[in-house]
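Numbers for residues simply follow the sequence, beginning at 1.
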Amino acid sequence: MSAGPGTGAGEAGEQGEVLAEVRGRVGHLTLNRPRAINALNHPMVRRIDEVLTAWEQDDTVVAVVVDGAGDRGLCAGGDVRMMRDSALGDGTEAAAFWHDEYVLNAHIARFAKPFVALMDGVVMGGGVGVSAHGSVRVVTERSKVGMPEATIGFTPDVGGTFLLSRAPGEVGTHLALTAGSVGAGDAIALGLADTHVPSERLADLTAALLEVTASDQVTAVVERFAEPSPDAPLSAGRAWIDACYSAGTAEEIVARLRSHGAPEAKEAARTVLGKSPTSVKVTLEALRRARELPDLPAVLEQEYRVSCGFLTGSDLAEGIRAQVVDKDRDPHWDPSTLEAVTDVERFFAPVASGPLDVPR
């Protein structure tokens with residue numbers, strides 16, 4: 001066993017928030033904030049990118065495995081309390097965090113070696129960003145994968161609009177506008193994951209992956225532990241989902257959901273109407289535009305503009321207050337209705353500090 005790059009005290013040592021080591025010829029990254037379900041803060045994002053850069057350039061490292069500490073999940077998302085504090089201030093800290101986070105997401109997508117993400121348990125928001133862009137994405141029966149941003153007055157980011165806009169039919173649109181989550185079967189069906197491995201076999205899979213000596217051995221190792229994909233109940237509802245979410249506007253989507261005969265559609269209408277109206281409208285537009293963009297870097301550039309746009313309104317700070325700070329689950333959105341949201345275009349304006357400029 002050899003230490004990974006920079007594993008000294010205060011960085012990725014035994015008590016660090018990102019544990020990094022090379023086992024044989026495989027780099028092993030563990031997000032290590034189990035009490036926060038390994039939610040990402042800015043130092044963690046920078047550290048992960050630094051380690052991946054070193055391992056990518058190290059010919060002795062043939063693959064990377066990423067997992068989360070504890071038994072609750074890989075990663076619950078980003079540091080939303082920091083985002084709220086920043087939104088209530090000048091926004092620079094949140095914008096800097098998103099800049100580096102989205103650059104990391106793009107780095108993972110183009111990583112030159114097998115990148116195995118073990119997506120056990122909770123995988124939300126930023127957790128999707130550090131896993132679903134990898135080349136080998138493993139889910140378990142415990143996986144809960146989603147982009148919950150509309151609940152906090154925000155929008156799917158970290159490449160979430162890239163992934164959801166390319167999911168079959170309008171299922172990704174439904175997932176984004178309801179801020180819902182899916183299990184292993186739907187995660188695979190939607191293109192957010194590749195392979196199902198029972199959680200009881202995850203430790204053995206990890207041990208086997210850390211023993212590979214060549215990159216072309218990774219797929220065979222994963223397949224050895226894989227089992228058939230579970231049912232995908234959300235994807236099975238594509239008939240009503242596609243019929244409703246193919247409408248041209250958020251208002252018409254809600255109208256179709258309300259009038260559709262499927263009970264799930266009426267429940268979805270209630271759910272969408274409980275989210276930030278600004279988030280719903282901006283997210284729908286972002287998804288539609290993302291479908292027309294050529295690649296992940298282009299979508300991340302758009303997401304950076306949109307995310308920074310949310311720093312200029314009140315819904316992001318209010319949504320985080322209601323869900324995370326006061327936990328009263330009673331956000332007061334402004335505007336409070338879909339019809340009152342009339343300026344979506346401003347969210348797609350260039351960021352004053354400059355573009356994301358993601359390498360391709």
Side-chain angles (χ1 to χ4, degrees), residues 26 28 30-31 37-38 63-68 70-76 108-109 111 113-125 127-148 159-160 162-176 178 180-212 214-242 262 264 268:
V26 177
H28 187 194
T30 299
L31 309 184
I37 319 182
N38 305 311
V64 170
V65 175
V66 178
D67 57 17
D71 59 1
R72 298 168 68 190
L74 172 67
C75 177
I108 290 170
F111 196 69
K113 301 171 183 180
F115 183 99
V116 185
L118 303 181
M119 301 168 66
D120 184 41
V122 173
V123 186
M124 297 287 179
V128 173
V130 295
S131 59
H133 300 302
S135 55
V136 183
R137 305 163 301 174
V138 176
V139 282
T140 75
E141 80 287 351
R142 292 172 9 100
S143 295
K144 185 178 181 182
V145 184
M147 301 297 299
F162 176 84
L163 295 164
L164 295 179
S165 69
R166 285 154 173 79
E170 296 289 343
V171 181
T173 307
H174 167 77
L175 199 62
T178 59
S181 60
V182 296
D186 275 308
I188 292 171
L190 268 62
L192 303 174
D194 305 301
T195 306
H196 167 239
V197 173
S199 58
E200 64 184 15
R201 307 193 72 189
L202 214 52
D204 290 339
L205 168 61
T206 303
L209 285 168
L210 296 177
E211 293 177 357
V212 303
S215 59
D216 59 5
Q217 298 171 359
V218 170
T219 299
V221 168
V222 173
E223 289 177 349
R224 197 165 80 233
F225 291 87
E227 292 192 2
S229 176
D231 292 340
L234 184 62
S235 299
R238 267 197 62 186
W240 69 264
I241 290 173
D242 290 358
E264 300 92 338

Evaluate the criterion side chain to side chain contact (heavy atoms under 4.5 Å, CB included) for residue pair Thr173 and Ile241; output intermediate values, then yes/no. CA-CA 9 Å; Thr173 307; Ile241 290 173; over 6 Å; no
Evaluate the side-chain proximity of [Y] to [X]: yes if any heavy-atom separation is below 4.5 Å, no if none is.
{"X": "Ser215", "Y": "Lys113", "result": "no"}
{"X": "Val66", "Y": "Leu118", "result": "no"}
{"X": "Leu163", "Y": "His133", "result": "yes"}
{"X": "Arg201", "Y": "Leu205", "result": "no"}
{"X": "Arg72", "Y": "Val122", "result": "no"}
{"X": "Met147", "Y": "Leu164", "result": "yes"}
{"X": "Met119", "Y": "Val138", "result": "no"}
{"X": "Leu175", "Y": "Leu190", "result": "yes"}

Minimal non-hydrogen separation, [X] against [Y], with atom names:
{"X": "Ala63", "Y": "Val218", "answer": "CB-CG2, 3.8 Å"}
{"X": "Lys144", "Y": "Ser181", "answer": "CE-OG, 3.3 Å"}
{"X": "Ser131", "Y": "Leu74", "answer": "CB-CD2, 3.7 Å"}
{"X": "Ala232", "Y": "Asp186", "answer": "CB-OD1, 3.2 Å"}
{"X": "Pro198", "Y": "Phe225", "answer": "CD-O, 3.9 Å"}
{"X": "Asp242", "Y": "Val171", "answer": "OD1-N, 4.3 Å"}

Donor-acceptor pair, [X] side chain versus [Y] backbone, under 3.5 Å?
{"X": "Arg137", "Y": "Gly191", "value": "yes"}
{"X": "His196", "Y": "Pro228", "value": "yes"}
{"X": "Ser143", "Y": "Val145", "value": "no"}

Please report the interatomic distance CH2(Trp240) to NE2(His174), rounded to the nearest 0.5 Å. 4.5 Å
Spacing of CG belonging to Asn38 relative to OG1 belonging to Thr30, to within rounding of 0.5 Å: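 The OG1 atom of Thr30 is 9.0 Å from CG of Asn38, to the nearest 0.5 Å.
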Residue of the set Val182, Thr195, Val139, Asp194 for which side-chain contact (heavy atoms from CB on, under 4.5 Å) holds with Ile188: Val139
So, Asp120 versus Ser199: side-chain donor-acceptor pair below 3.5 Å or not? no
